[in-house]
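Because the structure is a prediction, the values reported are computed rather than measured. Throughout, residue positions are numbered sequentially from 1 according to the sequence presented.
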Amino acid sequence: MEVTAQDIDQRLPQTQCTRCGYQGCLPYAQAIASGEAEINRCPPGGTETVVALADLTGRPLLPLSHDIGIEAAPTVAFIDEERCIGCTKCLPPCPVDAIVGAPRLMHTVLAALCTGCELCIAPCPVDCIVMLPLLASPAHTALTLPAAPDSRARFEAHNERTARRAAERAAVLADKKRGARPAP
């Protein structure tokens, strides 16, 4: 039986964190399936995922690669609402749209949707986003991260929305370049 990228993707945690060196879980799964990536490059999935991938692919069990991070307890993003300036720079990098807010208004993380990817931290100009252990988050009382299929669906919806908006912006710019005015 041939193992497909989709089979591998089903066993990944769907955090879409890019720590593996790929732009999401599916590209990493495709790299594993094609033989260009090892099965031990998913810190959020940790040893459990490495064992599942070894079992699925028949590859040797490897320790988690240390050059991509360490295995740790799940975390969730938390925004210090008193420090948030509403710049919206944290919104685009969130792969599952778990952050809500509007320009110049305070933002918040929908903790039940957060995969703990940490991609929102770097763009924040006021350092008001921190990662908290899942159980320590004041906004989250669940014991686990969102279900992988739910996170995958949110990631796909995020990418579709982003692509649609980019196409719409490109069309508007093309109309402007031609001197056309948008229809009322």
How close do [X] and [Y] get, counting heavy atoms only, and between which atoms?
| X | Y | answer |
| --- | --- | --- |
| Q10 | R152 | CA-NH2, 3.6 Å |
| G116 | M131 | CA-CE, 3.6 Å |
| T49 | R11 | CG2-O, 3.8 Å |
| E2 | D7 | O-OD2, 3.9 Å |

Flag for T47-E71: side-chain donor and acceptor within less than 3.5 Å: yes
Single-linkage hydrophobic cluster, 4.5 Å side-chain cutoff, [X] and [Y] together:
| X | Y | value |
| --- | --- | --- |
| V3 | L12 | yes |
| L91 | I121 | yes |
| I68 | L119 | no |

Hydrophobic cluster (4.5 angstrom, side-chain heavy atoms) - remaining members for L105: none
Residues clustering with V126 (ILVMFWY side chains joined when closer than 4.5 Å, directly or via others):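 For the cluster that includes V126, the remaining residues are I85.
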Donor-acceptor pairs under 3.5 Å, side chain of residues 20-31 to any protein atom, not counting sequence neighbours: which ones?
from	atom 1	to	atom 2	distance (Å)
Y28	OH	E38	O	2.7
Y28	OH	R41	N	3.0

Test side-chain contact (heavy atoms from CB on, under 4.5 Å) applied to F78 and I129, T108, L132, the passing residue: L132
More than 12 heavy atoms of other groups within 6.0 Å of L173 CG: yes
All side-chain contact (heavy atoms from CB on, under 4.5 Å) counterparts of C114, not counting sequence neighbours: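 In terms of side-chain contact (heavy atoms from CB on, under 4.5 Å), with neighbours along the sequence ignored, C114 is linked to V76, A77, A98, V109.
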Residues forming a side-chain contact (heavy atoms from CB on, under 4.5 Å) with R104, sequence neighbours excluded: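 Counting only residues at least two positions away or on another chain, R104 forms no side-chain contact (heavy atoms from CB on, under 4.5 Å).
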Check residues 54-62 and write down every donor-acceptor pair under 3.5 Å in which the side-chain atom is one partner and the other belongs to a residue at least two apart or another chain.
from	atom 1	to	atom 2	distance (Å)
T57	OG1	L53	O	2.7
T57	OG1	R59	N	3.2
R59	NH1	A37	O	2.7
R59	NH2	I32	O	2.4

